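Both counts, for ligands and for their atoms, begin at 1 and track the order of listing. Source: prediction; values computed, not measured. Residue numbers count from 1 along this sequence.
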Amino acid sequence: MKDNTNSSNKKREQLEQFIHESEGKKMTSNEGITISDDENSLTAGERGPTLIEDFLAREKLAHFDRERIPERVVHARGYGAHGEFQLYESLSDLTMADFLQDPNKKTPLFVRFSQVVGSKGCNETNRDVRGFSVKFYTDDGNYDLIAINMPVFFIQDAIKFPDLIHSVKPEPDNEYPQGQTAHNTFWDFMANNKETAHMSLWIASNRAFPKSFRTMEGFGVHTFRLVNKDGVSHFVKFHIKPLLGVHSLIWDEAQRLGSDADFHRRDLWENIEVGNYPEYELAIQVMKEEDEFAFDFDILDPTKLWPEEDFPLRKIGKIIINRNVDNTFAETEQSAFHPGNIVRGIDFSNDPLLQGRLFSYTDTQQARLGANHQQLPINRPVCPFANNQRDGASRMIIDRGKVAYHRNGLANNTPYTVPGTQGGFVTYPATVEGHKVRKTAPSFNDHYSQAKMFWNSMSDMEKRQIIGAYCFELGKCGPFVRQEWVNILAHISSELAHSVSKQLGTTVPDVEESPVIKSSPALSLQNTIFVPDTLRVAVFLAEGFDGPSVSKLLDELSAAKLRVVIVHETLGQVSGTEGVSYEVHDSFLTGSPLVYDGILIVGSGNITTHFAYTAQKFTTDIYNHFKPIGIIQNGEAILKSLSFSSDEGIVTDAEENFANRFINTMAKQRFWGRPSFLYPTL
Ligand code: HDD
């Protein structure tokens, strides 16, 4: 499986030219002077002051002083990896985009996953939107699909973006809370900008803390255009769907994983390293131009989604992520995305949020990385590029020749422009009319219908989780903001408003809730894909376990693509009968029930008190987090002592065919029927 990491592509070949290895080489300064001593500064006498003459110490310290660049103003914490895209079948009916024509072509890509709110060092499981930026290095230039894991956005006009971000970032006087939505200014902004109502439900749902980047969707959010060679344009929305399904943590896990800042990046890195390459399908929803006004929402309004039941997804190809970076700073940190990086065959819509983004991203890259950021290795296109732009800080290419202007005669008027009919980019000639105004289109004014549709689409447990989220988030706010927000919820759903208000000591105003009864089953995570692949089972092995049967069982679990993690009192080996032994991956000290997807307790005639205590402790957490439990070989005593009130999702070897039943149970992942006090009741 791992052979993909060695596969080459144009981007990899290009990056290879910049790889710099220091191992095995003599040490030099940046100027190439061979260094004889890198531990002692040059001093006047053994106990005397350091001399300014020491150009080697000066260079080393001065470079160190400049190792950091400004973090991104949003999406500061992120993690990247390389991959490829391959089309299923030609999309020439809809677009002339070069990378969407030939199913045999593989397009290299770079992905950066991110969190919006926190600083670069914040923990990765906070309630937040996640970024899913993809740079496709096509033969016709770079195309950036800068997605997030929710299909809608908070606001409708980019001019409000600084306000939104100021409200959600740590409050400016005391600079807390870090990377959190649960505070007064954020919910005050939300309440006073009612277009946020729909998005508030998305961030109150468990989607706001994905289980991993591998189980996260991406949405392009805005309406874009695909334009074919006949000049016919269709409106589209872009989706990225993980083949493992969309899975989230639950709030209790996300909170407690706050002590494990790297939860998501470690998962991605490790899975790529062992060859579990994350795979996603790129999909589009398509709308004919003439249907622009045929629906009860405005397609230019980014707070609205196109229900999948009404606009079926057309799956157009597969994204596979198959190579970790060589250097996080050089690649991930220096990667620069921009929704304006489109290629021929793709075009924008007039969505006012998108239009503002088209300014902001180049501007921020100039501020963060400088005028020549597109020449950084990670950002360079793999196709030839040539123009008359010159100079600027840290120019990395050497432009030869005297002529740097257009039109010219001295260089035969090159670089030359290319007409649209022969491959040049030509903007789609969309019709525009009207007066210059500063106002929101009336068709953007319905803030509650799709919020209600989202609420209607949730299972009972998802509703409880959302109620719990509002109660927590608003519970961290003052009474004024709590009441402001309950007033909004009342417009969406009376059930939701009353359930939240009950916990907050607020009152529900007497307003009409949205009359929408429609639901969209695709919005519920209960309808996602469930497979056992790559799920981590903590296998608690007691010393003296039954060797042959356990080795057969663990082979079956691995064959079903579960990841077996052997857990024992100490690291080293744990031995069973008949010479079977396993290397221990996690000790009781280094393991944590929060990082496993299920647990399998394997007893023996020799269970120690420490083993029984830890197995009980871990199993209790796993049970409370609705995750699968398997108990075999004298482990029942542990189960009995826990006296769980439900046996849903608990598999024992009292019945035949344990392996299959356990694998199926693992695949289901959560057993929401277990009684739980983690969430308010409906
Ligand atoms: Fe943004 C980064 C996604 C609205 C301004 N945005 C950024 C990233 C993602 C998104 C995934 C991380 C890029 C990376 O990995 O480097 N942003 C979105 C989506 C939006 C959105 C899907 C709405 C649908 N953003 C938005 C608006 C503005 C910005 C309205 C400003 C007008 N976003 C930025 C930025 C960032 C950014 C300040 C910070 C770092 C960067 O651009 O490169 O320019």
Just to confirm my output: which protein heavy-atom neighbour is closest to [atom], and how far is it?
| atom | value |
| --- | --- |
| atom 7 (C) of ligand 1 | His75 CD2, 3.1 Å |
| atom 14 (C) of ligand 1 | Arg112 NH1, 3.1 Å |
| atom 28 (C) of ligand 1 | Phe161 CD2, 3.3 Å |

Can you list the atoms of ligand 1 that are under 4.0 Å from a heavy atom of [X]?
| X | answer |
| --- | --- |
| Gly131 | 11 (C) |
| Ile148 | 3 (C), 22 (C) |
| His222 | 23 (C), 24 (C) |
| Thr364 | 41 (C), 42 (O), 43 (O), 44 (O) |
| Arg72 | 14 (C), 16 (O), 40 (C) |
| Ala158 | 32 (C) |
| Ala147 | 11 (C) |
| Val73 | 38 (C) |

Centroid-to-centroid, [X] to [Y], below 6.0 Å?
| X | Y | result |
| --- | --- | --- |
| Phe311 | Phe295 | yes |
| Tyr137 | Phe110 | no |
| Phe85 | Phe136 | yes |

> Between Arg344, Lys106, Lys11, Lys10, which is the residue that forms a salt bridge (Lys or Arg N to Asp or Glu O under 4.0 Å) with Asp139?
Replying inline: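 It is Lys10; the other options fail the test.
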
[X]/[Y] ion pair, N-O < 4.0 Å:
| X | Y | value |
| --- | --- | --- |
| Asp363 | Arg357 | no |
| Arg77 | Asp262 | yes |
| Lys315 | Glu281 | yes |
| Lys318 | Glu84 | no |

Within reach of ligand 1, part of [X] (heavy-atom separation under 4.0 Å):
| X | result |
| --- | --- |
| Ser133 | side chain |
| Val74 | both |
| Gln365 | side chain |
| Ile146 | both |
| Arg368 | neither |
| Pro302 | neither |

> Does Lys105 make a cation-pi contact with Phe99 (under 6.0 Å, within 45 degrees of the axis)?
Replying inline: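 No, Lys105 does not lie over the aromatic ring of Phe99.
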
>> Considering Phe153, Tyr361, Phe113 one by one, which has a heavy atom nearer to atom 42 (O) of ligand 1 than any of the others?
In response: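 Among Phe153, Tyr361, Phe113, the closest heavy atom to atom 42 (O) of ligand 1 comes from Tyr361.
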
> So between Gln115, Arg357, Arg130, whose heavy atom ends up nearest atom 4 (C) of ligand 1?
Replying inline: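 Nearest heavy atom to atom 4 (C) of ligand 1 lies in Arg357.
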
> Where the side chain of Gln255 meets the backbone of Trp251, is there a donor-acceptor pair that is under 3.5 Å apart?
Replying inline: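 Judged by distance alone, no pair lies under 3.5 Å.
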
>> Parallel, tilted or perpendicular, judged at 30° and 60°: which one describes the rings of Trp202 and Phe219?
In response: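 Aromatic pair Trp202/Phe219 classed perpendicular.
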
>> Check the orientation of Phe186 and His183. Use parallel for under 30°, tilted for 30 to 60°, and perpendicular for over 60°.
In response: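 Phe186 vs His183 ring planes: parallel.
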
>> So for Ala336, does at least one of its heavy atoms come nearer than 4.0 angstrom to any atom of ligand 1?
In response: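 No, Ala336 has no heavy atom closer than 4.0 Å to ligand 1.
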
> Judged by modelled atom types alone, do Glu217 and Asn149 share a side-chain donor-acceptor pair under 3.5 Å?
Replying inline: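 Looking only at side-chain atoms, Asn149 and Glu217 do not form any donor-acceptor pair under 3.5 Å.
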
> Is Ser114 close to ligand 1, meaning an N/O of one under 3.5 Å from an N/O of the other?
Replying inline: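 No, since none of the N or O atoms of Ser114 sits under 3.5 Å from an N or O of ligand 1.
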
